[in-house]
Amino acid sequence: MFSFVVPNLNPLLKKQVEPLFKSTRLGGLANIFAVWLVFSLVSSTHQENHAFFLGISVTILSIIRILVSENYLRCRNYLRIHLISYLLLTFLIGCAWGAFALMLISQPDQAIRNMVYLINFGMIAGSLATLSVWLPAYISYIAPQALGIFTVLALQGSALDFYFSIAFLVFILIMVSASLSFHRAFKRELLLKQRLRFSQKELKQKVIDRTRELEIINKSLEEEVKQRKQVEKDLAFIAYHDELTELPRKNLLIDKIETAISSAKRNREKIAVLFIDLDRFKTINDTLGHIVGDELIKAVSRRLKSILRDDDTVSRNGGDEFVIVLQRLNTESKPVVVAEKIINNIKKTFNIKSHKIHIGVSIGISLYPDDGKQALDLLRDADTAMFYAKKQGGNQYAYYRKSMSNHLRKRLEMETEIRTAVNNNEFYLVYQPKVNCLTGKTIGFEALLRWQNRQIGNIEPSVFIPLLEETGLIYDVGIWVLKSVISAIASGDTGKLPVAINLSALQCGDMELVAFISEQILSARVAANLIEFEITESMLINDFEKTEVFLNKIHNIGCTIALDDFGTGYTSMNYLSRLPIDVIKIDQSFMRCIDSNTRLENIVKAIVTMSESLGIKNIFEGVETIGELDTTKALGGKYIQGNIFSKPLSVDEMKKWVRLKTAKIEAVHQIDKRKSSCFLKHDNSV
Ligand code: C2E
Ligand code: CA
Ligand code: CA
């Protein structure tokens, strides 16, 4: 039933009843005032007690209704209960007013009756404004009143009452229709307000959404602009900087040198250009792989940067070349200090991907204004000086001198020549015997490469071997050496004695070479143990694991392995026991210094003892004099390769050497004309 009276508590109803509750106080006061007015009219009549009772009822009900409304306005909760209470109270107040009207039946005074009617009319009309916002409230208020008045009018029967009843009917109809239209207007207004609020809310939301969208678009645009700017910046950076090290490239370097030159010109200062090239970098790159090579370049660039002042420039010229520009020099000693610092710093071990790498640098220095007045000239001169420093053995610096340019020209000439040397048959091999100095027996030969160019003439192996390595021609030439040696063995030129072949670092680790060696040995039908391969200690340090596999493969074919130039690099004794090394060749530098150095003597003695205990043969290299021979013997040395017995021999000389032995001729061979007293015996019982 309640839900019929208060159907659905939609938000609109909430809004609708809001003014109802708000106007309760006014309505209540009006009712109380009116009821006591009526009381005062009838107080002098016999109806005083009834009127008083009704007055009290209306007053109490009005006050309760005010309290209910106030309570709702305070908590704005339990609307249904509040409404029902309100409705009930309003109805009861209406009933009280109806009872007042009924009371008039027994009121003889027409004037009082008329007054009460008027007050009733006034209440009905007055409540229109406050109660018609919610029709149930208005109806419940006026219905009992109207019923009471009509009953009175109908029962009175006087002409005036009749007119009154007609007027009252019209009045009630007007009031109801007014309340209806008032109610509709109010509802319409509420709906409009609600719609307006809704549209406002919607609009607000739209504005918020749009603002957010715009903010996102704006942000993404900003991001895009930022990204584009970054890309542009990156592109500019890449164009002028090396990707690997992030150092300036050559183009930026030239700009920087030009700028430095202009400022030096203004301030009458000097600048220095240091051209830096890593020694043996190609070998490291080829043996350890380019990833290690790249890491090494990065590590070097970091060390270079750490050495320099902020206003000095370091750039990467490509490959393993770096260029440093030193500004504001007061004395020429400044570049020297930097160069020495660089050399000492780069000398320290690099730990890269579990490899311990030792590397050197060659540095060429050119000065402004002494050597050149333009960036490119200074760079060229520093490059020439660097090349000179490298040729002097590397790990050093050199100032540019005019005479150096000739060296460079010569080198370029040589580089062009060496490319055609194989095809022009300019390479040939010489063979140096290795001899047992106690018995005089030849135990084998070492094949040594020679290059005779038609224009340049004879070129030292120490000059052309690095050139072959740098140009990558060492692979082809190495194959040629191998084929030549195998064919010399196969044709009997070596007298069935083993021949040692030198391997360059680049060849060491080349698995294709292993396959080629075994193929050549098989097809030439030579015994594999007649071929020995000489490797140097530095090859072990670079990539031990790879070298180990390579050497084991070669050893498995049946070839022997010699460790060359022993004592010049760092060879852990552990390496010797782990690798299939058959021979160590004690470097000739020991021969040169041993006389004056007992400590060195002890070291060599220890090497001999140690190698023998490991079952490794030792050969002394570069024994030239009788004194050195005696020393070798005293140190426990048995096998010798040196000019004292024989310089490297041409194939024909080697054949003769071998023939002498096979014919069992006790030959007397004069080794050194200056040392004619040195005679050696040979036999074929090797
Ligand atoms: P190496 O392997 O240490 O060769 C020994 C060098 O010592 C040879 O120099 C030889 O002529 C020299 N020699 C021998 N006995 C004496 C002596 O009593 N006194 C002096 N002062 N020197 C002596 P060479 O022929 O100039 O070769 C130099 C280096 O070139 C070799 O040193 C080797 O590392 C390299 N080499 C030579 N041929 C080849 C080759 O076919 N391939 C490769 N990769 N390297 C080679
Ligand atoms: Ca050698
Ligand atoms: Ca050697």
Side-chain angles (χ1 to χ4, degrees), residues 280 282-283 286-287 393 418 421-422 426-435 437 444-452 458-486 488 498-510 513 531-539 560-569 571 581 583-594 618-629 631-632 637 639-650 653-654 671-672 674-675 678:
R280 289 192 325 110
K282 193 169 166 18
T283 312
D286 288 343
T287 51
I418 208 165
V422 176
E426 291 176 4
F427 287 120
Y428 64 96
L429 287 172
V430 289
Y431 296 83
Q432 188 172 33
K434 301 174 188 177
V435 176
C437 69
F445 296 95
E446 177 179 5
L448 294 160
L449 188 60
R450 295 287 176 264
W451 178 29
Q452 181 161 38
N458 269 327
I459 299 124
E460 288 285 305
S462 58
V463 174
F464 74 79
I465 299 280
L467 201 60
L468 286 174
E469 287 173 339
E470 279 163 35
T471 51
L473 288 165
I474 193 74
Y475 295 104
D476 291 345
V477 176
I479 296 275
W480 178 85
V481 170
L482 185 80
K483 279 182 172 175
S484 306
V485 169
I486 289 178
V499 182
I501 294 170
N502 288 288
L503 284 184
S504 126
L506 297 182
Q507 293 168 287
C508 192
D510 180 0
L513 183 66
I531 301 167
E532 186 162 85
F533 288 98
E534 294 191 2
I535 57 153
T536 56
E537 291 178 303
S538 58
M539 299 180 197
T560 54
I561 290 156
L563 193 54
D564 205 356
D565 304 343
F566 189 84
T568 53
T571 305
I581 307 278
V583 181
I584 53 167
K585 296 182 77 180
I586 298 163
D587 193 68
Q588 48 180 295
S589 56
F590 286 103
M591 277 300 109
R592 305 289 92 86
C593 339
I594 214 152
N618 56 74
I619 298 180
F620 281 77
E621 286 191 300
V623 180
E624 287 179 349
T625 63
I626 296 281
E628 283 169 2
L629 182 62
T631 313
T632 309
Y639 305 106
I640 281 166
Q641 181 185 340
N643 292 351
I644 190 163
F645 291 118
S646 172
K647 285 192 168 166
L649 307 168
S650 68
E653 285 170 328
M654 174 174 67
I671 299 152
D672 194 319
R674 281 172 289 128
K675 297 173 185 74
C678 180

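Fair warning: this is a prediction, and the values are worked out from it, not measured in the lab. Read the numbers this way: they start at 1 and go in the same order the structure lists the ligands and their atoms. For the single chain, residues carry numbers from 1 onward in sequence order.
- Tyr428 is linked by a side chain to side chain contact (heavy atoms under 4.5 Å, CB included) to Val430, Arg450, Gln452, Asn458, counting only residues two or more places apart in sequence or in another chain.
- For Gly637 against Phe620, the heavy-atom pair with the smallest separation is CA-CE1, 3.4 Å.
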### Task
With side chain to side chain contact (heavy atoms under 4.5 Å, CB included) as the test, would you mind laying out the steps for Leu513 and Leu503 before giving the verdict?
CA-CA 11 Å; Leu513 183 66; Leu503 284 184; 4.1 Å; yes

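- Checking each of Lys585, Glu621, Lys434 against Gln641 for a side chain to side chain donor-acceptor pair (under 3.5 Å) leaves exactly one that passes, namely Lys585.
- A tilted orientation is assigned to the rings of Phe427 and Trp480, their planes being inclined by 30° to 60°.
- At least one side-chain heavy atom of Ile535 sits under 4.5 Å from a side-chain heavy atom of Leu563.
- Looking at residues two or more places apart in sequence or on another chain, you find a side chain to side chain contact (heavy atoms under 4.5 Å, CB included) between Asn502 and Glu446, Leu448, Glu534, Asp564.
- Of the inter-residue distances, the one linking Cys437 atom SG with Phe645 atom CZ reads 5.5 Å to the nearest 0.5 angstrom.
- A distance limit of 4.0 angstrom between heavy atoms and ligand 1 selects the residues Gln432, Glu446, Leu448, Leu449, Arg450, Pro461, Ile465, Val481, Asn502, Leu503, Ser504, Asp564, Asp565, Gln588, Glu621, Gly622, Val623, Glu624, Gly642, Asn643, Pro648.
- Neighbouring protein atoms of the Ca ion (ligand 2) (N, O or S, distance under 3.0 Å, waters ignored): Glu446 OE2, Asn502 OD1, Glu534 OE1, Asp564 OD2.
- The OG1 atom of Thr632 lies 4.5 Å from the CD1 atom of Ile640; values are rounded to the nearest 0.5 Å.
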